[in-house]
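Here's the structure we're looking at; comments come further down.
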Amino acid sequence: MNRQAVMLLLAMLVITACSRHDGPALDVSNVRVLAPLPGRSASVAYMDMHNRSQHPLTIDGISSPEFVRAEIHETTLSDGIARMQALESITVDAGARLSFAPAGLHIMLLDPRKGLLPGATVRLELRYSDGGLLIVDAPVRTRGDDVK
Amino acid sequence: MGSSRKIVAVTLAALALSVAAVLAFRSVDHTPRQFLYATVLPEPMVLPEFRLNDQDGQPLTRDSFRDRRTLLFFGFTHCPDICPATLQQLAVVRRKLALELPDEQDLPDILLISVDPERDTPQVLREYAGHFGDGVTAASGELGELTKLAAALGIYFEKGDVSGNGYNVNHSAAVLMINRAAEFQAVFSAPIDIDAMFADLMLLSE
């Protein structure tokens, strides 16, 4: 592998995520954790996933050292009614993209171990169904920063 | 001959009436306004009598809606996703309106009515609503009063499953516009389209 390719690979690892995983991995981008609202302790994380591999990839567990619990939730709108449910896992099909975004999929981060301020970084550990780990460092942002 | 004269006279009278009607119709602008997003009620609906408490613990009744336009959203503060996203979007719409409507009186108030009175006390609501900026407040109250208002407005809510966040409340995610006469005038269905809502609220403010 030439030097340029190595540098590119290193840059990608730093910018997006790192993976303790032997098989194919998900590309993760646009990761952000929204700081809790006043009086609330729960935070929410959003991100975009892209499975560039030839195989479906399943995430069946999430944790974060900064929080006691992390769960995958989905808000659904049906007949104008918003409902939220916890999901055991999510699967990104081969070649497909999946967005965790407001009013849809989101990662609930519950019971922070310490106060969380904008500018901090939260480590998200997403577990592949085969046991590998996808580790994502997410910046904490103020809510509303991405609403234009 | 008499009968054909009569027919001519009746025809002429009918014609004259038609012309008069057309002229009268034209004198008022009946061009239908084109809303991009809002569903505007043909006849605004008077709010029912109800009594809730605002974030300062003061009564919130039908009369509280008079003389101001209000964008009304039913949600709850433990809702991590769609409620803060919607309030954030409404705050952006209000800021866009403020650039066009210099008189603060013309800007809509944004009101969150919490359908989770068990957890959303006035103090919790005040702290929460304050995060979203100018013009955003919150209220809640007894379940019976909440149900009365919500039902009249076609809003559904129901305590849902217990989750990692305590429990959820499933609820309609539409935004309702209440006019200055305390009448339900228009509804914006979820998900919110900021630009279309801004355009429609400009039309509705004419």
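Computed from a prediction, not measured in an experiment: that's the story for all the values here. We name chains A, B, ... by the order of the sequence lines, and we start the count at 1 in each one. Both backbone and side-chain heavy atoms feed into the values below; hydrogens, waters and symmetry mates do not.
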### Query
Are any of the side-chain heavy atoms of Pro102(A) and Gln88(B) separated by less than 4.5 Å?
no
#### Entry: Listed partners of Glu158(B) passing side-chain hydrogen bond (donor to acceptor under 3.5 Å, both in side chains), at least two apart
Tyr156(B)
### Task
Return the option, out of Gly80(A), Gly104(A), Ser43(A), Pro36(A), with the maximum number of heavy-atom pairs under 4.5 Å with chain B.
Gly80(A)
### Query
How long is the gap from CG on Asp81(B) to CZ on Phe100(A), to the nearest 0.5 Å?
11.5 Å
### Query
Between Ile155(B), Val124(B), Leu87(B), Thr77(B), which has the largest tally of heavy atom pairs under 4.5 Å with chain A?
Thr77(B)
### Message
With a 6.0 Å cut-off (strictly less than), is the heavy-atom count around CG of Asp134(B), excluding the residue itself, greater than 12?
### Response
no
### Query
Which of residues 44-61 of chain B get closer than 4.5 angstrom to chain A, counting heavy atoms alone?
none
### Task
Answer whether the closest heavy-atom distance between the side chains of Leu37(A) and Phe132(B) falls below 4.5 Å.
yes
### Query
Within a reach of under 6.0 Å around CZ of Arg97(A), are more than 12 heavy atoms found that belong to other residues, nucleotides or ligands?
no
#### Entry: Distance (rounded to the nearest 0.5 Å) between Ser172(B) OG and Leu77(A) CG
10.0 Å
### Message
Does any backbone or side-chain atom of Ala101(A) lie under 4.5 Å from a heavy atom of chain B? Answer side chain, backbone, both or neither.
### Response
backbone
### Message
Just so I understand: if I count every heavy-atom pair under 4.5 Å between each of Pro84(B), Gly130(B), Cys83(B), Gly75(B) and chain A, which residue has the most?
### Response
Pro84(B)
### Message
Ignoring hydrogens and geometry beyond distance, is a side-chain donor-acceptor pair present between Arg40(A) and His78(B) at under 3.5 Å?
### Response
yes
### Query
Roughly how far, to the nearest 0.5 Å, is OG1 of Thr76(A) from CG of Asn170(B)?
8.0 Å
### Task
Work out which heavy atom in Pro80(B) is nearest to a heavy atom in Met108(A); give both atom names and the distance.
CG-SD, 3.2 Å
